[in-house]
**Student:** 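Below is a structure I'd like to ask you about.
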Amino acid sequence: NAGVTQTPKFQVLKTGQSMTLQCAQDMNHEYMSWYRQDPGMGLRLIHYSVGAGITDQGEVPNGYNVSRSTTEDFPLRLLSAAPSQTSVYFCASRDLLRYEQYFGPGTRLTVT
Amino acid sequence: SQELEQSPQSLIVQEGKNLTINCTSSKTLYGLYWYKQKYGEGLIFLMMLQKGGEEKSHEKITAKLDEKKQQSSLHITASQPSHAGIYLCGAGTNYGQNFVFGPGTRLSVLP
């Protein structure tokens, strides 16, 4: 099993550009989520999904869109990047009945 | 909303020394999770505690949840350089599917 994979590992964007961070898991987990990690603030939940076709907002959803068309994939879209979105983004998945999460390696995003 | 605090913020110890990291919740915990993050990498699950007074160990790491289920400690015995990283506590909310993390404790172990 590859577990949770994320692409790209690094990305530099200019303000106003759009892009999609990819996340995939091969563990048949119903629950998938996106976090951002900023110095001194730990991880904050952006969006999550409890199954295909179902998404919901986390703590910091503004500026991000998600969709869940399949169990395996959960892309995160930045429609108009802002410097405040410079961060490290982690995707995670878990079985719906357990809180033990499996994390991807992260995407380091810089917005200039 | 539930918030988790961790102390200390950072810790530097000599190899072989014992250390403790604390995690405190503003509300009763319905499950407390400890994760470790190596610098520049994703998080790795360590342990989960659910019952008041519960204690779990894995190799040289022991985690405890107090009786009131609002505080947890992570204790490392005879630390090694491989223990270095960021330790984060996390908790699920008692409703919905949200999950919150503490700010993390950065541990350095000097050889």
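Just so it is clear: chains get the letters A, B, ... in the order the sequence lines come, proteins before strands, and each one is counted from 1. Only this structure's heavy atoms are used, side chains among them; waters, hydrogens and symmetry mates stay out.
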**Student:** Atom CZ of residue position A:Arg108 - does it have more than 12 heavy atoms of other residues, nucleotides or ligands inside 6.0 Å?
**Tutor:** no
**Student:** Between A:Tyr102 and chain B, with a heavy-atom cut-off of 4.5 Å, which part of the residue counts as in contact: side chain, backbone, both or neither?
**Tutor:**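 A:Tyr102 has no heavy atom closer than 4.5 Å to chain B.
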**Student:** Same cluster or not: are A:Leu13 and A:Val66 linked, directly or through other Ile, Leu, Val, Met, Phe, Trp or Tyr residues, by side-chain heavy atoms under 4.5 angstrom apart?
**Tutor:** yes
**Student:** Is the number of heavy atoms from other residues, nucleotides or ligands under 6.0 Å of B:Gln9 CD greater than 12?
**Tutor:** no
**Student:** Under a 4.5 Å side-chain heavy-atom rule over Ile, Leu, Val, Met, Phe, Trp and Tyr, are A:Val4 and A:Val88 clustered together?
**Tutor:**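 As far as the 4.5 Å side-chain criterion goes, A:Val88 and A:Val4 are not connected within one cluster.
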**Student:** Let me check something: do A:Leu109 and A:Trp34 share a hydrophobic cluster, defined by ILVMFWY side-chain heavy atoms less than 4.5 Å apart, either directly or through other members?
**Tutor:** yes
**Student:** Show, in sequence, the C-alpha distance, side-chain angles and deciding distance for A:Tyr48 and B:Phe99, and conclude whether the ring-ring contact (aromatic ring centres under 6.0 Å, His included) test is met.
**Tutor:** CA-CA 10 Å; A:Tyr48 65 92; B:Phe99 196 87; over 10 Å; no
**Student:** Where on A:Gln6 is there a heavy atom nearer than 4.5 Å to chain B: the side chain, the backbone, both, or neither?
**Tutor:**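 For A:Gln6, neither part sits under 4.5 Å from chain B.
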**Student:** If you group Ile, Leu, Val, Met, Phe, Trp and Tyr by side-chain heavy-atom gaps below 4.5 Å, do A:Tyr64 and A:Leu21 land in one group?
**Tutor:**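 As far as the 4.5 Å side-chain criterion goes, A:Leu21 and A:Tyr64 are connected within one cluster.
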**Student:** Calculate, to the nearest 0.5 Å, the distance between atoms CZ and OH belonging to A:Arg94 and B:Tyr33 respectively.
**Tutor:**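 Going from the CZ atom of A:Arg94 to the OH atom of B:Tyr33 covers 7.5 Å.
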**Student:** Any chain of hydrophobic side-chain contacts (each under 4.5 Å) joining A:Tyr35 to A:Val60?
**Tutor:**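 Different clusters.
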**Student:** Ring centres under 6.0 Å, that's the criterion: do A:Phe103 and B:Tyr35 meet it?
**Tutor:** yes
**Student:** Between B:Gln37 and A:Phe90, is there a side-chain heavy-atom distance shorter than 4.5 Å?
**Tutor:**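 A:Phe90 reaches B:Gln37 side chain to side chain.
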**Student:** Check whether any side-chain heavy atom of B:Leu88 lies under 4.5 Å from a side-chain heavy atom of A:Leu43, and answer yes or no.
**Tutor:** yes
**Student:** For chain A, which residues from residues 42-57 of chain B have at least one heavy atom closer than 4.5 Å to it?
**Tutor:**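 Listed by number, the contacting residues are B:Gly42, B:Leu43, B:Phe45.
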**Student:** Would you say that more than 12 heavy atoms from the other residues, nucleotides or ligands in this model lie under 6.0 Å from the CD1 of A:Ile54, or not?
**Tutor:** yes
